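No hydrogens, no waters, no symmetry mates; every other heavy atom, side chains included, goes into these values. All of these numbers come straight from a predicted model, not from anything done at the bench.
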Amino acid sequence: MRIFKSLLVSLIGLTALMYALENLGSIDEMRQQISAAPSPAHSPAMSWTGFALIVLCQVVIAATALKGAWELFAARKGTADEFREAKSTAVWAGGLSLLSWFALSLMVGAGLFQWGTDNGAAALSKSFALGTTSALTILFVWGTKD
């Protein structure tokens, strides 16, 4: 069960990393969206700042989750207390995923990226998926006996 928990947490990290790389790969689409539909409510600089903040958070979530997965894997043969202690970083990854969804995607993204576009709707959906699956994973990792 301990190795399975480590694997689940690593999937959070890999998913967040995949989303960050996907966002970086779609910079040209972002550039076109900003230049095609300029909004008087905010400048292109604000849009790029929000974009960079979201990608940075995804990278931080990925790094935290992968570190947490490694700590769980390294503690797999330890005592129950040692393994429970190793869960801390993994729990942070889940918390950061929820924070990213609430604070960044709903507040920053909705205002700057106008989720009414096709790209925006897909990004919001992916953010929700990452936040909720991370939360469920962490509830399982933290709440079940090893």
Heavy atoms only: give me the nearest [X]-[Y] pair and the separation to one decimal.
| X | Y | answer |
| --- | --- | --- |
| A16 | Q58 | CB-O, 3.6 Å |
| A75 | A86 | CB-CB, 3.7 Å |
| T144 | K5 | OG1-NZ, 2.7 Å |
| A90 | I138 | O-CD1, 3.0 Å |
| L66 | S10 | CD2-O, 3.8 Å |
| D28 | R31 | OD1-NH1, 2.8 Å |

Hydrophobic clusters here meaning ILVMFWY residues chained together by side-chain heavy-atom distances under 4.5 Å, can you tell me if [X] and [Y] are in one?
| X | Y | value |
| --- | --- | --- |
| V91 | I12 | yes |
| F140 | L7 | no |
| L139 | L98 | no |

When rounded to the nearest 0.5 angstrom, what distance separates [atom1] in [X] from [atom2] in [Y]?
| X | Y | atom1 | atom2 | result |
| --- | --- | --- | --- | --- |
| E22 | T15 | CD | OG1 | 11.0 Å |
| W92 | K67 | CH2 | NZ | 12.5 Å |
| T89 | W70 | OG1 | CH2 | 14.0 Å |
| I3 | L8 | CD1 | CG | 12.5 Å |

Donor-acceptor under 3.5 Å ([X] side chain, [Y] main chain):
| X | Y | result |
| --- | --- | --- |
| T137 | T133 | yes |
| S6 | A69 | yes |
| S88 | E85 | yes |

Q) Mind checking whether L130 and S100 have side chains closer than 4.5 Å, heavy atoms only? A) no

Q) With a 4.5 Å heavy-atom cut-off, do K87 and L72 have their side chains touching? A) yes

Q: Among N23, L21, V60, find the residue that satisfies the side chain to side chain contact (heavy atoms under 4.5 Å, CB included) test when tested with V55.
A: N23

Q) Please walk me through it: do R84 and D81 pass salt bridge (Lys or Arg N to Asp or Glu O under 4.0 Å)? A) CA-CA 5 Å; R84 190 151 187 88; D81 288 336; over 6 Å; no

